[in-house]
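All remarks here apply to the structure that follows.
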Number of protein chains: 2
Amino acid sequence: MTGLSTRAIGRAAVRGELASIALPRFFEAGFDNVTFDDLATAAGVSRSTFLRYFGTKEDVVLFAFDPLGDAMSAALASRPAAEDEWTALRRAVDPAVALLTREPDDGLTLLRLVWTTPALWGRLHEKQASWRPALADRLAERSGDGAVSPLALRTRVMAALGCLMVAFDSWVNDNGRDDLDALTDATFAALASIPSYHQVNGRPS
Amino acid sequence: MTGLSTRAIGRAAVRGELASIALPRFFEAGFDNVTFDDLATAAGVSRSTFLRYFGTKEDVVLFAFDPLGDAMSAALASRPAAEDEWTALRRAVDPAVALLTREPDDGLTLLRLVWTTPALWGRLHEKQASWRPALADRLAERSGDGAVSPLALRTRVMAALGCLMVAFDSWVNDNGRDDLDALTDATFAALASIPSYHQVNGRPS
DNA sequence: CGCATGTGTGAAACTGAGTGTCAGGCTAGA
DNA sequence: TCTAGCCTGACACTCAGTTTCACACATGCG
């Protein structure tokens with residue numbers, strides 16, 4: 001019943017506070033031009049302390065995406081059992097879309113920073129990959145446990161999160177002109193009906 | 001007609017030589033436990049020189065994947081025009097499968113190193129992403145230029161390379177027991193027919 | 001043949017990320 | 001009040017990656 005100790009709650013709060021102080025610096029100066037010393041000074045703590053809360057500089061920025069893993073798993077689990085799989089996956093990524101469009105300017109700025117910094121882009125994809133197992137588990141539950149091969153489920157989860165990433169990419173590249181939600185619909189639609197694919201096994205030379 | 005100068009050829013050869021000296025060290029000791037000093041000493045050059053050939057440690061390992069971008073583009077371009085898109089994409093990733101299965105032990109060892117080192121895994125995905133534009137261009141050519149939206153094409157290319165990555169993942173995780181080619185077939189098949197997806201736009205609540 | 005130019009190499013100094021250690025201070029519980 | 005444990009700051013350290021400088025070597029030209 002210990003759940004979250006008072007320590008852990010405090011720690012999470014401090015992390016959020018530090019991240020919110022650090023983000024504007026990154027936006028202004030660019031990710032690579034801000035040092036831990038800068039962040040620590042801005043936050044009024046020592047470099048040591050800042051580093052204790054965020055093991056890497058990337059974590060400071062990507063902290064914003066942390067809740068998405070659980071949120072998307074929960075969203076998928078709450079879809080009606082009768083709903084088809086791809087629609088359920090489309091709805092599962094809604095929390096991600098919502099996170100970035102709640103404050104469209106902030107969301108776009110954040111995503112732009114991630115997209116223009118290879119280290120951040122890479123880490124976001126690592127994080128995204130870490131969400132997959134839980135989503136594949138939810139998918140297995142809803143389609144009867146042995147009905148579809150785990151490999152196929154993992155592939156479809158990969159595809160769904162990939163659709164989200166392509167939508168992010170388009171959104172950043174057109175500077176938020178299009179609606180992120182609509183872009184996500186479009187990427188999911190692009191995989192929904194892959195035109196006439198026959199004989200995967202059996203070598204179509 | 002300058003193409004490749006004699007300089008560039010020499011440089012590429014040296015890169016290959018240095019990489020082939022370095023790889024076994026990584027395999028033995030683990031990526032993080034090998035320093036540039038170690039590599040330089042092993043290769044009989046100075047740290048400066050080694051760093052001039054590979055800007056980062058990740059590049060030393062991922063050097064092996066460098067030719068894949070062009071190889072996959074060429075493979076896709078050479079598919080018959082009548083072939084359906086998804087099959088063409090499946091064939092486009094053949095060079096990647098071939099690269100890793102030519103010497104199955106070496107390929108598996110290399111991929112295991114990449115998969116157990118977050119930094120390498122992330123960089124491989126960056127590199128993979130850098131291959132996408134060219135592949136999307138080849139896809140646009142074969143399906144009449146304006147016929148399918150660029151967003152849809154980019155999404156399908158992402159999905160195809162994602163299938164490859166999931167196949168890699170499975171191959172590493174079962175220690176090469178299954179055939180990588182067959183695993184790739186399976187992941188592509190998992191997206192070929194996404195079961196009954198209706199109405200992406202129009203909010204299926 | 002002698003000289004200038006460009007390129008590859010090595011040495012060294014420097015910045016900054018990330019790790020580990022240690023001592024002091026604050027808080028909570030007995 | 002005393003004690004045990006955590007949080008903090010200071011410091012030293014390793015290593016990646018950048019930059020600068022000087023030297024060696026090759027090639028092209030007069």
Side-chain angles (χ1 to χ4, degrees), chain A residues 1-19 21-23 25-26 28-63 113-114 117-124 126, chain B residues 2 4-19 21-23 25-26 28-63 113-114 117-124 126:
Chain A
M1 202 97 315
T2 57
L4 242 38
S5 71
T6 157
R7 301 275 187 199
I9 294 174
R11 180 181 168 81
V14 173
R15 269 171 66 93
E17 181 66 16
L18 292 181
I21 293 171
L23 270 186
R25 310 274 160 170
F26 287 126
E28 289 163 24
F31 185 74
D32 295 326
N33 300 321
V34 179
T35 70
F36 270 115
D37 272 322
D38 297 335
L39 298 178
T41 305
V45 298
S46 72
R47 199 183 84 111
S48 304
T49 297
F50 208 105
L51 263 146
R52 220 170 268 118
Y53 280 96
F54 297 99
T56 71
K57 240 171 31 156
E58 289 85 4
D59 287 342
V60 182
V61 177
L62 266 22
F63 170 75
L113 178 68
V114 174
T117 310
L120 286 174
W121 190 92
R123 297 291 273 246
L124 177 62
E126 276 181 54
Chain B
T2 58
L4 240 38
S5 71
T6 158
R7 302 277 188 198
I9 294 173
R11 180 181 167 82
V14 174
R15 268 171 67 93
E17 181 66 17
L18 292 180
I21 293 172
L23 270 186
R25 311 274 159 170
F26 287 127
E28 289 162 24
F31 185 75
D32 295 326
N33 299 321
V34 179
T35 69
F36 270 115
D37 272 321
D38 298 335
L39 297 179
T41 304
V45 299
S46 73
R47 198 183 84 112
S48 303
T49 297
F50 207 105
L51 264 149
R52 223 172 265 119
Y53 281 96
F54 298 98
T56 70
K57 240 173 25 155
E58 289 85 3
D59 287 341
V60 182
V61 177
L62 267 22
F63 170 74
L113 179 67
V114 174
T117 309
L120 286 174
W121 190 92
R123 296 292 272 248
L124 177 62
E126 275 180 56

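A, B, ... follow the sequence lines: proteins, then strands. Residue 1 opens every chain. Excluded from the calculations below are hydrogen atoms, water molecules and symmetry mates; all remaining heavy atoms, backbone and side chain alike, are included.
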Using the side-chain hydrogen bond (donor to acceptor under 3.5 Å, both in side chains) criterion, which residues pair with [X]? Sequence neighbours excluded.
{"X": "B/T35", "result": "B/D38"}
{"X": "A/T49", "result": "A/S46"}
{"X": "A/D59", "result": "A/T56"}

* Structure fact -> In numerical order, the residues of residues 52-59 of chain B whose heavy atoms come under 4.0 Å of DNA chain C are B/R52, B/Y53
* Among residues 31-39 of chain B, which residues get a heavy atom nearer than 4.0 Å to DNA chain C? -> none
Expressed in angstrom and rounded to an integer, what is the separation of [X] atom [atom1] from [N] atom [atom2]?
{"X": "A/R47", "N": "D/dG9", "atom1": "CZ", "atom2": "P", "value": "13 Å"}
{"X": "B/F50", "N": "D/dA16", "atom1": "CZ", "atom2": "C1'", "value": "14 Å"}
{"X": "A/L18", "N": "D/dG9", "atom1": "CG", "atom2": "P", "value": "10 Å"}
{"X": "A/L51", "N": "D/dC13", "atom1": "CG", "atom2": "P", "value": "18 Å"}

* Span of DNA chain C in contact with chain A (heavy atoms, under 4.0 Å) -> C/dG16 to C/dT19
* Asked: Just how far is it from atom CD of B/E126 to atom CH2 of A/W121, taken to the nearest 0.5 Å?
  -> 6.5 Å
* Can you tell me how far the CD atom of B/E28 sits from the CG atom of B/L23, to the nearest 0.5 Å? -> 11.0 Å
* Could I get the full list of side chain to side chain contact (heavy atoms under 4.5 Å, CB included) partners for B/R25, not counting sequence neighbours? => B/V34, B/L39, B/A42
* Can you sort out the partners of A/A19 under side chain to side chain contact (heavy atoms under 4.5 Å, CB included), two or more places apart, ordered by chain and number? => A/F54, A/F63
* To do: Under the salt bridge (Lys or Arg N to Asp or Glu O under 4.0 Å) rule, collect the residues that match up with A/R11, sequence neighbours excluded.
  => none
* **Terminal axes of the helix from C/dC1-D/dG30 to C/dA30-D/dT1 (five pairs each): angle between them, nearest 10 degrees** => 10°
* Structure fact -> Note: B/E58 and B/A119 closest approach over all heavy atoms is OE2-CB, 3.5 Å
* Quick one: closest heavy-atom pair of A/A43 and A/F50, and the distance? => CB-CE1, 4.2 Å
* **Residues which pass ring-ring contact (aromatic ring centres under 6.0 Å, His included) with B/Y53, listed by chain and number, not counting sequence neighbours** => none
* **Partners passing ring-ring contact (aromatic ring centres under 6.0 Å, His included) against B/F36 (at least two apart in sequence or in another chain)** => none
* To do: For A/L120 and A/L62, run side chain to side chain contact (heavy atoms under 4.5 Å, CB included): C-alpha distance rounded to whole Å, both residues' side-chain angles, the deciding distance at 0.1 Å, then the answer.
  => CA-CA 8 Å; A/L120 286 174; A/L62 266 22; 4.1 Å; yes
